[in-house]
Novice: 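There's a structure below that I have some questions on.
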Amino acid sequence: SAVISQKPSRDICQRGTSLTIQCQVDSQVTMMFWYRQQPGQSLTLIATANQGSEATYESGFVIDKFPISRPNLTFSTLTVSNLSPEDSSIYLCSAGQGARETQYFGPGTRLLVL
Amino acid sequence: QQPVQSPQAVILREGEDAVINCSSSKALYSVHWYRQKHGEAPVFLMILLKGGEQKGHDKISASFNEKKQQSSLYLTASQLSYSGTYFCGTGGATNKLIFGTGTLLAVQP
């Protein structure tokens with residue numbers, strides 16, 4: 001199994017600023033993903049973080065708003081840019097070896113935008 | 001399109017059984033089941049793969065009907081610790097998972 005840590009665990013940000021969330025996996029993984037989860041809702045996939053290339057974004061999510069880096073097989077960052085109150089949510093990182101293998105989740109980052 | 005789960009919510013007494021269903025409009029290669037407790041990350045329960053292979057929890061079982069693009073999670077002799085929200089995650093031809101609408105399960109003493 002993989003152990004995933006995220007930093008920060010929570011933050012309160014002002015409108016118009018940006019927040020960068022870090023995701024660290026304790027072993028090398030093929031796939032890393034970023035999700036958003038509104039309170040009481042399901043998980044919505046933002047993008048797949050590809051090692052050594054640009055992230056693959058889902059419909060409704062764009063690189064200018066959610067730039068992602070993945071410099072190696074154990075680490076990724078998600079930046080939420082130009083924050084608005086609508087960005088208040090929980091952001092979760094996950095990692096795995098593919099859709100036929102277990103996907104593990106980090107503890108999440110709780111973001112509140114004022 | 002997001003998979004639909006049913007029921008949306010269920011309340012059980014300890015020792016009772018429950019079935020949670022997950023239905024997709026797309027062809028499935030895998031179905032993953034997770035349980036999430038309030039304020040925590042989703043925890044992996046089980047994977048069901050096209051072709052019949054299963055990997056996961058000893059005390060929880062599930063089925064995968066590839067033709068109907070459906071999966072069911074069976075919780076038997078429920079315990080208080082089973083309480084939480086259950087999500088199915090469906091895998092298609094790509095490596096990503098799309099998560100279902102969720103089922104809130106509450107087990108009471």
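Letters A, B, ... are given to chains in the order of the sequence lines, protein chains preceding strands, and every chain is numbered from 1. Since the structure is predicted, the reported quantities are computational estimates derived from the model, not experimental observations.
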Novice: Side chain, backbone, both or neither: which part of B:F87 has a non-hydrogen atom closer than 4.5 Å to chain A?
Specialist: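 The side chain, not the backbone.
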
Novice: Describe, in one word, how the ring planes of A:Y35 and A:F105 are oriented to each other, choosing from parallel (under 30°), tilted (30 to 60°) and perpendicular (over 60°).
Specialist: tilted

Novice: Cluster question for you: counting only ILVMFWY and a side-chain heavy-atom cut-off of under 4.5 Å, with indirect links fine, are B:I47 and A:Y104 together?
Specialist: no

Novice: Taking C-beta and beyond as the side chain, do B:V107 and B:S83 meet within less than 4.5 Å on heavy atoms?
Specialist: yes

Novice: Side chain, backbone, both or neither: which part of B:Q36 has a non-hydrogen atom closer than 4.5 Å to chain A?
Specialist: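 Side chain only.
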
Novice: If hydrophobic clusters are built from ILVMFWY residues whose side chains come within less than 4.5 Å, do A:F61 and A:I90 share one?
Specialist: no

Novice: Distance-only, no hydrogens or angles: does the B:Y74 side chain make a donor-acceptor pair with backbone N or O of B:I20 under 3.5 Å?
Specialist: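 Between the backbone of B:I20 and the side chain of B:Y74 there is no qualifying donor-acceptor contact (under 3.5 Å).
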
Novice: With a 4.5 angstrom heavy-atom cut-off, could you sort out which part of A:L45 is near chain B: side chain, backbone, both or neither?
Specialist: side chain

Novice: Heavy-atom distances under 4.5 Å only: say whether A:E58 touches chain B with side chain, backbone, both or neither.
Specialist: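 For A:E58, the contact with chain B is made by the side chain alone.
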
Novice: Out of B:G91, B:S30, B:A41, B:P42, which one racks up the most heavy-atom pairs below 4.5 Å with chain A?
Specialist: B:P42

Novice: Of the listed residues (B:G102, B:G89, B:G100), which shares the most heavy-atom pairs with chain A below a 4.5 Å separation?
Specialist: B:G100

